[in-house]
Undergrad: 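The structure under discussion is supplied below as structure tokens; questions concerning it will follow.
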Amino acid sequence: MSEKEQTFERIREEIGGNDIVLFMKGTPVFPQCGFSAMTVQVLSHLGVKFKGVDILADPAIRTHLKEFSDWPTFPQLYVKGEFIGGCDIVREMYQSGELQQHLQQQGIAVQEAPAS
């Protein structure tokens, strides 16, 4: 099995084993780019549990995820195994209420924090 096939299998295991997976630069506690930080902020605001996968710590995933998803940038959000999109799409879906609706349709409880 090639490195790419092995990496694709690891990606499938991550998105199959977790309801929400965010492939990002850095970690949810310490994002390494503004786009990853924004996406973490949206998910945290919704009160959903998610797994962050640091692509900077895993060069194989960083290299092959773009091909796996056919999406050129990071972060990349998956919900119940389905690719949702990157930061801009997540932010737009959140602002329109579409993200919250999609999560609820997937059986994921959403608890929005009150605006401060």
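All values below were derived from every heavy atom in this structure, side-chain atoms included, with hydrogens, water molecules and symmetry-related copies excluded.
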Undergrad: Any sub-3.5 Å donor-acceptor pair from Gln100's side-chain atoms to Tyr94's backbone N or O?
TA: yes
Undergrad: Report yes if some heavy atom in the side chain of Ile84 is under 4.5 Å from a heavy atom in the side chain of His102; otherwise report no.
TA: yes
Undergrad: Is it the case that the side chain of Ser96 and the backbone of Met93 share a donor-acceptor pair, with hydrogens and angles ignored and the cut-off at 3.5 Å?
TA: yes
Undergrad: Run the side chain to side chain contact (heavy atoms under 4.5 Å, CB included) test against Glu13 and tell me which residues pass, sequence neighbours left out.
TA: Glu9
Undergrad: If only atom types and distance count, is the side chain of Thr7 paired as donor or acceptor with the main-chain N or O of Glu3 below 3.5 Å?
TA: yes
Undergrad: Counting C-beta onward and ignoring hydrogens, is there a side-chain heavy-atom pair between Leu22 and Val53 closer than 4.5 Å?
TA: no
Undergrad: Same cluster or not: are Val21 and Phe30 linked, directly or through other Ile, Leu, Val, Met, Phe, Trp or Tyr residues, by side-chain heavy atoms under 4.5 angstrom apart?
TA: no
Undergrad: Any sub-3.5 Å donor-acceptor pair from Asp54's side-chain atoms to Leu56's backbone N or O?
TA: yes
Undergrad: Over all heavy atoms of both residues, which pair between Pro31 and Pro28 is shortest? Give the atoms and the distance, please.
TA: CD-O, 3.7 Å
Undergrad: Within the structure provided, determine whether Thr39 and Met24 are in side-chain contact (heavy-atom separation under 4.5 Å).
TA: no
Undergrad: Is a donor on one side and an acceptor on the other found under 3.5 Å between the side chain of Lys80 and the backbone of Gln106?
TA: yes
Undergrad: Roughly how far, to the nearest 0.5 Å, is the CG atom of Leu43 from the CD1 atom of Ile108?
TA: 10.0 Å
Undergrad: Is the side chain of Glu67 donor-acceptor paired with the backbone N or O of His64 at a distance under 3.5 Å, no angle test?
TA: no
Undergrad: Ignoring hydrogens, what is the shortest heavy-atom contact between Phe35 and Cys87? Give both atom names and the distance.
TA: O-SG, 3.6 Å
Undergrad: Mind checking whether Tyr78 and Phe23 have parallel, tilted or perpendicular rings, split at 30° and 60°?
TA: perpendicular
Undergrad: Is any side-chain heavy atom of Val29 less than 4.5 Å from a side-chain heavy atom of Val40?
TA: no
Undergrad: Please enumerate all residues that pass salt bridge (charged side-chain N to carboxylate O under 4.0 Å, His left out) together with Arg10, with sequence neighbours excluded.
TA: Asp58
Undergrad: With hydrophobic residues grouped by side-chain heavy-atom distances under 4.5 Å, do Met38 and Ile89 end up in a single group?
TA: no
Undergrad: Could you check if a side-chain atom of Ile11 sits within less than 4.5 angstrom of a side-chain atom of Leu65, using non-hydrogen atoms only?
TA: yes
Undergrad: Roughly how far, to the nearest 0.5 Å, is the CD1 atom of Ile61 from the CD atom of Glu14?
TA: 6.0 Å
Undergrad: Quick check: closest heavy atoms across Phe74 and Arg62, and the distance to 0.1 Å?
TA: CZ-O, 3.4 Å
Undergrad: Tell me, do Gln76 and Ile55 make a side-chain contact under 4.5 Å, heavy atoms counted?
TA: no
Undergrad: Just how far is it from atom NZ of Lys66 to atom CG of Asp70, taken to the nearest 0.5 Å?
TA: 12.0 Å
